[in-house]
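This one's a predicted model, so the numbers in the text were calculated from it and none came from an experiment. Residues: numbered from 1 along the sequence shown. Ligands are counted one by one from 1 in listed order, and the atoms in each one are counted from 1 as well.
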Amino acid sequence: MASKLYSIRMRAATGDRHISGAERIAEAATVDQIVRELVMRAMGRTPAPEQIFVNVEYLGDQGLRTLPALDVITLDAPDVKTGRSAAVCVLQEAGVSRRAAEAALHHLTRGATMRGAIVMDAQSGERLEPDQQKGVRASRFDWSEEARAEIQRRLAAAGLTHFRTYEAIALATKVASAPGIVAELCWSDDPDYTAGYVASLKTGYVRLPTLKEVGDPKGGRAFFVNRETLNLETFLQYLQTEPVLIDRPGAYRAMTPRVEDCTDRMRSRRPESTKEK
Ligand code: AMP
């Protein structure tokens, strides 16, 4: 990308309810086209949002950090129950306690209705975000043009053509490199989009096609953190202000989860003293 770069943020809402959002980084020449695309996207939601906020901000001479995208693994869990059990399992593999994973699932099931994410202690499940109404928004990230074209091609070959998939992979890639992060859990509040994911540097981007029923408008996001190493200010600063460009796509593979295998693995990892007799 050339040097004059802008961060473009779109957020659509009806009153306090978050409806749609997007993050892009663009060269000056493409800013107006991207703004139009994002406004059209927000207006395409039914019912249309009552407010659309678009923020275009010159990134100045801030350095642009580049990251390779997380690898994508689809765990083809057939229904919501299996999908959510698999999500808890993958979160545990990433270092989140069962208690915290279940606390986050509970919040997302009720519908977080925030424009940002919950920040949660990965052990206790305690919420740490400074404003629980708004949550914390990750901002200033995008694919490079070449990497976007390549990830779109790889995902399309696997039948995944929705813009949400590659946009979420970009967000998850930035979040997975945040100082103090352990893992992320997300499913959309778009009633027509049932897929979600668990992501971390350890597990990659684990996509679960069915984390809620079609027609359910409830969803949200949780960032799990290691409270012992977390500096909340540095964490928020990275997520909200550091520009990140994803310049290499990850690999893609599909797997069928066997939740029993996962449960066995977790059991064998627990310390001797806590194993069931
Ligand atoms: P979406 O996948 O866009 O439907 O978003 C699902 C939920 O994730 C939203 O309701 C927000 O709570 C949260 N969210 C969306 N975008 C962001 C972001 N950039 N940073 C943090 N949380 C987000």
Heavy-atom neighbours of D61 CG exceed 12 at 6.0 Å: no

pair E167-E23: side-chain heavy atoms closer than 4.5 Å: no

Any R164 heavy atom less than 4.0 Å to ligand 1: yes

Atoms of ligand 1 close to V136 [distance to a heavy atom under 4.0 angstrom, numbered from 1]: 20 (N), 21 (C), 22 (N)

Heavy-atom gap G21 to ligand 1 smaller than 4.0 Å: no

L239 near ligand 1 by a heavy-atom separation under 4.0 Å: no

Heteroatom proximity flag, D190 to ligand 1, N/O under 3.5 Å: no

Ring-face cation of R148 near Y166 (centre distance under 6.0 Å, axis angle within 45°): no

Any N/O pair C186/ligand 1 closer than 3.5 Å: no

Atoms in ligand 1 flagged as close to A138, the criterion being non-hydrogen separation under 4.0 Å: 18 (C), 19 (N), 20 (N), 21 (C)

D16 atom CG: more than 12 heavy-atom contacts under 6.0 Å: no

Contact with ligand 1 for G220, non-hydrogen, under 4.0 angstrom: yes

Pair S20, R11: side-chain N/O donor-acceptor within cut-off below 3.5 Å: no

N/O separation below 3.5 Å, W187 to ligand 1: no

Nitrogen or oxygen of D189 less than 3.5 angstrom from that of ligand 1: yes

Atoms in ligand 1 flagged as close to M114, the criterion being non-hydrogen separation under 4.0 Å: 9 (C), 10 (O), 11 (C), 12 (O)

Ligand 1 versus R137: contacting region, heavy-atom distance under 4.0 Å: both

